[in-house]
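Here's the structure we're looking at; comments come further down.
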Amino acid sequence: MPRRHTVEIRTLRYLVAVADLGSVTAAATAVHVTQPSLSRQLRQLERELGVDLFVRDDGRLRLSAAGAEFLPVARSLVVQAGAARDIAAAIAAGRLQRVTIAAPGTTLTDVVAPFLATLEADDPMPAVLEETPASVYATLTLGADLAIGTTPPPDQLAGIALADLPVWAYVPRTHEWAGRGQVPLADLVDRPLLTQDRDYHPRRALDSAVAAARLAYTELHEFGSPEVAQAVAASGRGIAVVSDDPRFDLQPLTIDGPTGPLGISLYAAWQPGHHGAATIGRLAARLAAFCVARYGEQVTPPRRRARRHTATP
């Protein structure tokens with residue numbers, strides 16, 4: 001069986017330096033080795049490859065035809081090795097090159113996407129993953145770095161409370177309630193309601209409030225997306241009860257439930273052992289501040305729910 005040789009990236013770097021600088025002397029200075037040592041290692045590289053990479057004329061080196069053909073391969077390996085070192089150094093320092101954020105569709109559209117528009121040049125490159133509220137924290141074991149959910153994260157995760165956002169009753173501007181600003185839950189359930197199904201927290205918040213107030217729906221229609229619910233509300237077929245930002249020129253009304261305005265809570269969670277946990281934690285804190293800037297101080301979570309586990313700043 002033929003003997004296998006290991007080619008070191010360092011030696012390939014010497015080859016590239018000689019090719020680029022045109023002489024062993026200049027290359028030795030650039031890579032901080034002595035000229036005899038560089039020449040010796042280039043000869044060793046040729047023996048390992050079984051190819052004459054240089055033509056030696058009067059003590060000078062110039063690439064042979066084989067060397068010229070091999071040079072792009074050597075250069076590519078040197079560049080890749082440098083990139084690998086940079087990435088490893090970033091990982092060791094807790095920096096992230098990329099960050100994947102998982103969240104329910106409404107949260108991605110109304111909260112995450114606008115926040116991503118504020119990222120700066122040295123922030124990680126973002127990617128998003130849409131997931132149902134019931135499964136969103138499970139994505140942290142499937143490649144997501146940061147998960148945004150509507151229930152407190154499991155105890156084994158690090159996380160913070162981001163915001164308490166209202167669940168809105170949306171009516172057309174021509175509706176008799178359009179100028180009211182808020183509507184009692186008892187009045188709301190007497191009208192046709194357009195909602196998402198029970199997999200989504202705004203619907204569960206509505207159901208819980210109706211049950212707590214000992215009320216019942218007169219007419220309720222479920223839709224697969226909050227956008228469709230708002231579209232149907234815009235046609236005058238009912239009142240959309242969702243947590244989305246307004247669409248179709250609808251008028252938002254807060255819902256006065258048995259314990260106050262109806263709302264949902266948003267939480268951010270991540271793996272505490274993640275190599276970029278500190279960076280993710282800072283990103284989550286910026287997202288919480290963004291929610292306040294976008295929706296007002298009233299969405300700030302109560303202090304008792306503001307933090308579960310935190311990453312080191």
Side-chain angles (χ1 to χ4, degrees), residues 96 99-124 126-131 133 136-137 140 144-153 157-170 181-183 200-202 204-206 209 226-227 230 241-247 250-257 259-270 272 276-313:
L96 291 177
V99 61
T100 298
I101 303 173
T106 295
T107 306
L108 284 178
T109 300
D110 292 343
V111 178
V112 175
F115 170 68
L116 295 182
T118 71
L119 293 184
E120 300 174 354
D122 58 349
D123 284 321
V128 297
L129 176 63
E130 183 174 348
E131 187 54 75
V136 71
Y137 295 131
L140 294 175
D145 302 297
L146 175 63
I148 312 300
T150 51
T151 56
L157 297 177
I160 62 172
L162 291 175
D164 285 345
L165 300 178
V167 173
W168 301 105
Y170 281 110
Q182 66 87 33
V183 57
Y200 293 88
H201 205 61
R204 293 201 298 271
L206 177 64
E227 292 88 352
Q230 287 200 53
V241 180
V242 296
S243 62
D244 285 40
D245 288 349
R247 293 173 173 80
L250 293 176
Q251 183 73 25
L253 309 176
T254 59
I255 301 170
D256 187 14
T259 60
L262 204 62
I264 63 170
S265 298
L266 290 184
Y267 300 85
W270 59 94
T279 299
I280 296 169
R282 288 191 291 268
L283 201 64
R286 286 168 54 188
L287 179 56
F290 173 81
C291 288
V292 173
R294 182 174 175 84
Y295 296 109
E297 289 287 344
Q298 69 273 12
V299 308
T300 304
R303 184 175 299 275
R304 61 185 173 83
R305 290 192 291 129
R307 289 186 179 270
R308 296 172 60 82
H309 305 278
T310 58
T312 303

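Scope of the values below: all heavy atoms of this structure, side chains included, with no hydrogens, waters or symmetry mates.
Residues Pro133 and Pro104 are in side-chain contact: their nearest non-hydrogen atoms beyond the backbone lie under 4.5 Å apart. Within the 4.5 Å cutoff, no side-chain heavy atoms of Thr109 are placed close to those of Asp244. Put simply, the side chain of Thr300 does not reach to within 4.5 Å of the side chain of Tyr295, judged on heavy atoms. The shortest distance between side-chain heavy atoms of Leu206 and Val167 does not fall below 4.5 Å. Thr151 places a side-chain heavy atom less than 4.5 Å from the side chain of Tyr137. Within the 4.5 Å cutoff, side-chain heavy atoms of Trp168 are placed close to those of Thr254. A 4.5 Å side-chain heavy-atom check between Val136 and Thr150 finds every atom pair outside the cut-off. Here the side chains of Leu165 and Ser243 are not in contact, with every heavy-atom distance at 4.5 Å or above.
Remark: Leu129 CG to Ile148 CD1 distance equals 12.0 Å, nearest 0.5 Å. Rounded to the nearest 0.5 Å, atoms CG (Leu140) and CG (Leu146) are 7.5 Å apart. Here the CG atom belonging to Leu266 is positioned 5.0 Å from the CD1 atom belonging to Ile264, to the nearest 0.5 angstrom.
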Inset, instruction - Would you check, one step at a time, whether the test side-chain contact (heavy atoms from CB on, under 4.5 Å) holds for Leu287 with Ile101? - result: CA-CA 12 Å; Leu287 179 56; Ile101 303 173; 6.0 Å; no
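In terms of heavy-atom proximity, Ile160 sits nearest to Ala288 at CD1-CB, 4.4 Å. Residues Pro153 and Ala268 share a closest heavy-atom pair of CG-O, 4.5 Å. Across Pro226 and Thr106, no two heavy atoms sit closer than the pair CG-OG1, 3.2 Å. What you find for Leu119 and Leu283 is that their closest heavy atoms are CD2-CD1, 4.1 Å. The shortest non-hydrogen separation linking Gln230 to Val242 is NE2-CG2, 4.0 Å. Between Leu262 and Ala209, the shortest heavy-atom distance links the atoms CD1-CB, 3.4 Å.
Looking at residues two or more places apart in sequence or on another chain, you find a ring pair (Phe, Tyr, Trp, His ring centres under 6.0 Å) between Phe115 and Phe290. Residues satisfying the side-chain hydrogen bond (donor to acceptor under 3.5 Å, both in side chains) criterion with Thr107, sequence neighbours excluded, are absent altogether. Under the salt bridge (Lys or Arg N to Asp or Glu O under 4.0 Å) criterion, Asp145 pairs with no residue, sequence neighbours left out. In terms of the salt bridge (Lys or Arg N to Asp or Glu O under 4.0 Å) criterion, residue partners of Asp245 (sequence neighbours excluded) are, by chain and number, Arg294. Looking at residues two or more places apart in sequence or on another chain, you find a side-chain hydrogen bond (donor to acceptor under 3.5 Å, both in side chains) between Gln251 and Arg173.
Evaluation of the side-chain hydrogen bond (donor to acceptor under 3.5 Å, both in side chains) test over residues 110-120, restricted to residues two or more places apart or in two chains, returns Asp110-Arg247.
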